[in-house]
Chemist: 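Sharing a structure here in structure tokens format.
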Amino acid sequence: MRLHPRHSWTVTPEEAVAIQKRLRAEIVSQPLDLDAVRLVAGVDVSVKENESQAAVVVATYPGFEPVETVLARAPTPFPYVPGLLSFREGPVLEEAFARLQSEPDVFLVDGMGTAHPRRMGIACHMGLWLERPTIGCGKTLLVGRFSDLPEERGAHVPLVHRGETIGAAVRTRARTNPMFISPGHLADIPSAVEMVMRCSPKWRLPEPIRLAHKAAGAFVPGGQASSPAPSS
DNA sequence: GCGACAG
DNA sequence: ATCTTGTCGC
């Protein structure tokens, strides 16, 4: 895919914060047309010692049959700092995105979108690079609070931070911990929640994220490669 | 000042 | 994120 970088990744934590504040103004919130989605991508990164491996798996929608898998590796360039995940995982993800042949209609990212202290989580950040719709899918809370959430699948309540609704706590599966969903770029909260529910017919993790997580975890020493899909 | 803190 | 077997519950 054609990428649209906005800055260098070689920055200090202070510069990273300043960059996020600047990029925040470029994020577009708008409904995502769910009925037009044909391809959905899952995005994840795994860290092994000082190396990071990114995985982007593109799958059909609905159906979630993998049609393209891209893996990329690079030295982990930045420490884990809550709020600055983009600067740790962004560089490898950029490599993976650059080699992507297909053009997914939406990307589900493992991490936050606007549910971030400066409303600029990694899903927002990558959305700008891709200039495509992105949705942040967090497994644990970074910021914000939410009230009682029913145990049934599909239940969802607003995630609020400093008086602002930044996303939603979503029960993608009955009686399991909720997922924290927030729009990245070119999406809004209602459509992001709906998309994630449609991508989670059975498990807590959305199907595209599950596929990407599996691919990223499969660290094969010499086996970095791009491929159509595993053949049965 | 103290606690919280995506992956 | 990562270190790791068995095990409780639907």
Side-chain angles (χ1 to χ4, degrees), chain A residues 9 13 16-17 19-20 23-24 27 42-57 71-94 96 107-128 134-146 150-155 159-162 164 166-185 187 189 192-193 196 200-206 208-219:
Chain A
W9 291 115
V17 169
I19 286 170
Q20 290 181 326
L23 295 181
R24 173 73 192 107
I27 297 301
V43 177
D44 189 33
V45 174
S46 69
V47 179
K48 286 277 190 297
E49 293 168 3
N50 293 316
E51 272 220 324
S52 289
Q53 174 157 295
V56 177
V57 177
L71 297 179
R73 279 188 188 187
T76 307
F78 203 85
Y80 170 69
V81 179
L84 299 181
L85 187 63
S86 299
F87 296 83
R88 180 175 171 83
E89 303 189 344
V92 227
L93 284 175
E94 183 177 281
F107 290 77
L108 300 197
V109 181
D110 195 332
M112 301 303 180
T114 57
H116 175 279
R118 289 169 292 281
R119 314 295 182 255
M120 196 59 210
I122 191 167
C124 297
H125 215 127
M126 294 300 98
L128 292 178
T134 53
I135 294 172
C137 305
K139 298 181 292 297
T140 61
L141 207 49
L142 174 58
V143 291
R145 298 181 23 160
F146 62 101
E151 295 291 328
E152 312 87 67
R153 191 189 102 87
L159 224 196
V160 179
H161 179 57
R162 298 185 183 177
E164 184 181 354
I166 57 177
V170 182
R171 197 82 75 181
T172 50
R173 182 176 187 175
R175 294 171 296 284
T176 62
N177 294 324
M179 289 293 295
F180 300 98
I181 306 305
S182 55
H185 187 40
I189 296 175
V193 169
V196 167
S200 314
K202 183 170 184 181
W203 307 104
R204 177 185 182 235
L205 278 298
I209 297 280
R210 284 167 43 90
L211 293 169
H213 193 69
K214 217 179 281 187
F219 246 92

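These numbers come from the heavy atoms of this one structure, side chains and all, not from hydrogens, waters or symmetry mates. All chains are named by letter (A, B, ...) in the order of the sequence lines, taking the proteins before the strands, and each is independently numbered beginning at 1.
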Chemist: Give a yes/no answer on whether the side chain of K48(A) brings an N or O atom under 4.0 Å of OP1 or OP2 in dA1(C).
Modeler: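 Answer no for this pair, as no side-chain N or O of K48(A) is under 4.0 Å from OP1 or OP2.
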Chemist: With the side chain counted from C-beta on, respond yes when F146(A) and F180(A) share a heavy-atom pair under 4.5 Å apart, and no when they do not.
Modeler: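 Yes - at least one pair of side-chain heavy atoms lies under 4.5 Å apart.
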Chemist: Answer yes or no: is there a side-chain heavy-atom contact under 4.5 Å between L128(A) and M120(A)?
Modeler: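 A side-chain contact exists here, since the closest heavy-atom pair is under 4.5 Å.
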Chemist: May I ask you to say whether E151(A) pairs ionically with R171(A), meaning some side-chain N is under 4.0 Å from a carboxylate O?
Modeler: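 Yes, this pair counts.
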Chemist: How does each nucleotide of nucleotides 1-7 of chain B score, in 5' to 3' order, for protein heavy atoms under 4.0 Å: base (B), sugar-phosphate only (S), or none (-)?
Modeler: ----BBB
Chemist: Report yes if the side chains of T134(A) and V43(A) come closer than 4.5 Å at any heavy-atom pair, otherwise no.
Modeler: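 T134(A) vs V43(A): side chains apart.
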Chemist: Rounded to the Å, how far apart are E152(A) CD and dC10(C) P?
Modeler: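 Whole-Å distance recorded here is 15 Å.
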Chemist: Might you point out which heavy atoms bring F78(A) and R88(A) nearest each other, and give the distance in Å?
Modeler: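 Shortest heavy-atom contact: O-NH1, 2.8 Å.
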Chemist: From CD of Q53(A) over to C1' of dA1(C), roughly how many Å is that when rounded to an integer?
Modeler: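 Whole-Å distance recorded here is 14 Å.
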Chemist: Without decimals, in angstroms, what is the distance between R153(A) CZ and dC10(C) C1'?
Modeler: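 Those two atoms, CZ and C1', are 16 Å apart.
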Chemist: Return all side-chain donor-acceptor pairs below 3.5 angstrom for residues 136-144 of chain A, not counting sequence neighbours, or 'none' if the list is empty.
Modeler:
unit_1, atom_1, unit_2, atom_2, d
K139(A), NZ, D110(A), OD1, 2.8
K139(A), NZ, D110(A), OD2, 3.3

